[in-house]
Amino acid sequence: MQLRPTCSRIRFAASLLIAALFALPLWVVLVTSLDDPAGLGFSTWLIPSRLRFENYVEAWHATNFPRQFVNSLVVALAVTAGQVLTSLMAGYAFARIRFIGRDVILMALLSTIIVPFQVLVIPVFVILAKLSWINTYWALIVPSLANAFGIFLFAQFFRTIPYELEEAAYVDGATRWRVLWQIMVPLARPAIATLFLFTFIAEWNELFKPLVFTSTKDMRTVQLGLSVFQEQFRVDYVHLMAAVVFTTVPSVLLFLLGQKHFVKGIATTGLK
Amino acid sequence: MTRLQKDTLTAYLFVLPAALLLSVFVVYPIVDLVVVSLHEWNILEDRMTYVAAANYRAVLADDAFRQAFVNTLIFVAGTVPTGMVISLGLALLLDSRIRAVRFLRAAIFTPYVTSTVAAGVVFVWLFDVDQGSVNAVLGVVGIKGPNWLQSEAWAMPAVILMTLWRQAGYSMVLFLAGLQAIPESTYEAATIDGARPGWQTFRHITWPQLWPTTFFVLVVSVIFAFRAFEPMYVMVRGGPVGSTTTLVYYVFDRAFRFGDMGQAAAVSTLLLALVLALTWLQFRFGRDEV
């Protein structure tokens, strides 16, 4: 909408104020994380009075964050790679191949999107226990390797690509498999970026799965580790905030780098 | 083999990994959930006894379950209407060509990519009775803030405030997409017809055109709120005295602290039925153009 200049200025001022309000807690976290652990007080929460970077080193080594970072990285990368792969293949088939039962199978798979994981935690726990996967990487990875959201995303994306691009390849005798990898996948880079961002950030931030499916210290992921850290350090807010900063940096950084894909992904599919 | 048969075979191979995984970890568990809910089964024992609807009767008679249900409704009522008003307001404000608009949107969206654990840890500190910023600010204007997280009355509002802060940006993006889908020409036509910009335009043009988006955001927010667990776990562990124990928290407690899988499965089944009913509403009354 085109606005008159004064109106636009008021709007800008209001927006700036509100955005600042939303960013305020994050700023307070940063300032506090660098404060003196002994002398934290109300006066220090807006302007840093000191920059004590040792807080980060101390928090990092206080429990077992290095190990938890490795665990989270392994799980998030494996789940993300798996979801991209299974969704690419299925999405391509639904968008580009005519086959018997296509619409029924697509509807059946997409309807799984509405079932929240939280209500299935008991039967999934039972399956994982039977496989003896509880407290292993498998429990955190395998149940998340396919997701209807990804299939939907790629099916939608592939439908927008003109057929001519594939046809030349078929004339040359290429198989579907080769067309998918050599022609479609390079074109699908924006959609892959979207799914990568969503899945990685969701997995990095996940608490429920590791809470229920792991039991020992060395299997804890970053979020579970942070939760335990909070229990142990209760009112040591300086070190707690330092831990909040380094556990949050990966997801915020990825979001800021891929902001365009992220917002577009929500807007086109309307789903997390 | 005909072309169709050959293509069908290829397509099945392409779809197989996803279909297999979703069958094993979503479709089969739904069936198993209902089966477990009809049995008495403690996780420490290997024996399952068929008890028909006894688990359902037991949880429906359980005061803790009723409280969890009420708490969930309070959380829904506390987050959904306010959250929608806030994010629609934000979207209307930021749907214009003001300076640095992308930066401002990003600032509001960033809380959504922080984890619930991190956000929870931060808000526990902000709501700290002595050292927290919230009570410090209230103190400046002469209000003595409550002991938020140790109070049965104030713990849930604190959890709700954290959730609103974290999720406003997400619904804002949905609303922004909806607003941007309204053609500019509709507004031009309205101006020619004499509608003044502002409230009139909003009421007669924006609101009706935005309705599919609004309805979609409503349903998604209600479903999100019904499955809430992590904020309550991180900030107050479902307490004090069960005042923030939601339905999913109740399931978690029953199943993994008391080992009562049958009753936990019964509650999960009820919750699933609720979510399905809400989704049905979306399909029935919302146009799926979002």
Side-chain angles (χ1 to χ4, degrees), chain A residues 1 3 8 11-12 14-16 18-19 22-23 25-26 28-29 40 42 45 86-87 89-90 92-93 97-100 105 109 112 114-116 118-120 122-124 126 143 145-146 148 151 176 201 205 207-208 212 223 226-227 230 237 240 244 247-248 251-252 255 259 263 266-267 270, chain B residues 4 7-8 10-11 14-15 17-19 21-22 25-27 29-30 32-33 36 90 93-96 98-99 104 106-108 110-111 113-118 121-122 125-126 131 133 136 165 170 173-174 177 187 216 227 229-230 234 248 255-256 261 264-265 268 271-272 275-276 279 290:
Chain A
M1 249 187 291
L3 295 160
S8 165
R11 214 177 242 254
F12 178 69
S15 310
L16 197 63
I18 292 169
F22 270 85
L26 299 173
V28 174
V29 169
L40 173 69
F42 174 50
W45 58 262
T86 57
S87 307
M89 290 167 61
Y92 172 75
I97 307 176
R98 254 177 200 287
F99 60 93
I100 301 164
I105 299 171
L109 294 189
T112 61
I114 59 186
V115 183
Q118 284 93 330
V119 306
L120 297 182
I122 292 167
V124 171
V126 173
L145 284 178
I151 299 171
R176 296 268 185 195
I201 292 177
N205 288 346
L207 172 69
F208 199 59
V212 178
Q223 305 302 335
L226 182 58
S227 176
Q230 181 197 21
Y237 288 123
L240 265 173
V244 164
T247 53
T248 306
S251 33
V252 171
F255 160 63
Q259 201 191 333
V263 170
I266 296 178
Chain B
L4 182 65
D7 278 353
T8 300
T10 318
F14 275 59
V15 174
L21 284 160
L22 290 173
F25 291 108
V26 183
V27 181
I30 294 175
D32 197 37
L33 179 71
V36 173
L90 289 170
L93 195 63
L94 291 172
D95 179 35
S96 55
I98 52 173
R99 259 174 300 164
L104 295 171
I108 293 169
T110 303
V113 292
T114 65
S115 73
T116 320
V117 182
V121 170
V122 172
W125 173 56
L126 295 179
Q131 299 184 55
S133 319
W165 174 75
Y170 174 75
V173 170
L174 288 175
Y187 287 109
F216 179 77
R227 55 194 235 203
F229 165 80
E230 294 190 1
V234 176
V248 173
F256 300 105
M261 300 307 239
S268 295
L271 194 58
L272 179 61
V275 170
L276 293 182
T279 314
V290 190

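Protein chains get the first letters and strands the later ones, always in sequence-line order, with residue 1 at the start of each. Because only heavy atoms are used, hydrogens play no part in the values below, and waters and symmetry mates are left out as well, while side chains stay in.
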What part of [X] is in contact with chain B, defined as an atom under 4.5 angstrom from a non-hydrogen atom: side chain, backbone, both or neither?
{"X": "A/Phe255", "value": "side chain"}
{"X": "A/Ser15", "value": "both"}
{"X": "A/Leu226", "value": "both"}
{"X": "A/Leu145", "value": "both"}
{"X": "A/Ile100", "value": "both"}
{"X": "A/Leu16", "value": "both"}

Provide the closest heavy-atom pair for [X] versus [Y] in the form atom of the first, atom of the second, distance.
{"X": "A/Pro25", "Y": "B/Trp165", "answer": "CG-NE1, 3.7 Å"}
{"X": "A/Gln223", "Y": "B/Ala118", "answer": "OE1-N, 4.3 Å"}
{"X": "A/Tyr237", "Y": "B/Gln131", "answer": "CD1-OE1, 4.0 Å"}
{"X": "A/Val28", "Y": "B/Ser133", "answer": "CG1-OG, 4.4 Å"}
{"X": "B/Ala11", "Y": "A/Phe99", "answer": "CB-CD2, 3.1 Å"}
{"X": "B/Ala264", "Y": "A/Ile122", "answer": "CB-CD1, 3.3 Å"}

Under 4.5 Å, counting heavy-atom pairs only, tell me which of [options] racks up the most with chain B.
{"options": "A/Ile114, A/Val126, A/Val252", "value": "A/Ile114"}
{"options": "A/Pro116, A/Ser87, A/Ala14, A/Ala23", "value": "A/Pro116"}
{"options": "A/Val244, A/Val29, A/Thr247, A/Ile151", "value": "A/Val244"}
{"options": "A/Val124, A/Thr112, A/Ile201, A/Leu207", "value": "A/Leu207"}

Any chance you could measure [X], atom [atom1], to [Y], atom [atom2], to the nearest 0.5 Å?
{"X": "A/Arg176", "Y": "B/Asp7", "atom1": "CZ", "atom2": "CG", "answer": "4.5 Å"}
{"X": "B/Phe14", "Y": "A/Ile97", "atom1": "CZ", "atom2": "CD1", "answer": "5.5 Å"}
{"X": "A/Leu109", "Y": "B/Leu21", "atom1": "CG", "atom2": "CG", "answer": "11.0 Å"}
{"X": "B/Leu22", "Y": "A/Thr86", "atom1": "CG", "atom2": "OG1", "answer": "7.5 Å"}
{"X": "A/Phe12", "Y": "B/Leu94", "atom1": "CZ", "atom2": "CG", "answer": "10.5 Å"}

Under a 4.5 Å heavy-atom cut-off, does chain A meet the side chain of [X], its backbone, both or neither?
{"X": "B/Val121", "value": "both"}
{"X": "B/Thr114", "value": "both"}
{"X": "B/Leu126", "value": "side chain"}
{"X": "B/Ala255", "value": "side chain"}
{"X": "B/Val248", "value": "side chain"}
{"X": "B/Leu90", "value": "side chain"}

May I ask you to name which of [options] has the most heavy-atom pairs under 4.5 Å with chain A?
{"options": "B/Leu271, B/Leu272, B/Val36", "result": "B/Leu272"}
{"options": "B/Thr10, B/Val27, B/Ile30", "result": "B/Ile30"}
{"options": "B/Leu93, B/Val234, B/Leu4, B/Val173", "result": "B/Leu93"}
{"options": "B/Ala106, B/Ala265, B/Pro17", "result": "B/Ala106"}

Quiz prompt | Non-hydrogen side-chain atoms of B/Val275 and A/Val119 separated by less than 4.5 Å | solution = no
Exercise. State, with a plain yes or no, whether a side-chain heavy atom of B/Val15 is found less than 4.5 Å away from one of A/Ile105.
Key: yes
Quiz item: B/Asp32: what forms a side chain to side chain donor-acceptor pair (under 3.5 Å) with it, not counting sequence neighbours?
Solution: none
Quiz item: In terms of the angle between their ring planes, are A/Phe208 and B/Phe229 parallel, tilted or perpendicular, with boundaries placed at 30° and 60°?
Solution: perpendicular
Quiz item: Judged by atom type as modelled, is there a donor-acceptor pair below 3.5 Å linking the side chain of A/Asn205 to the main-chain atoms of B/Thr116?
Solution: no
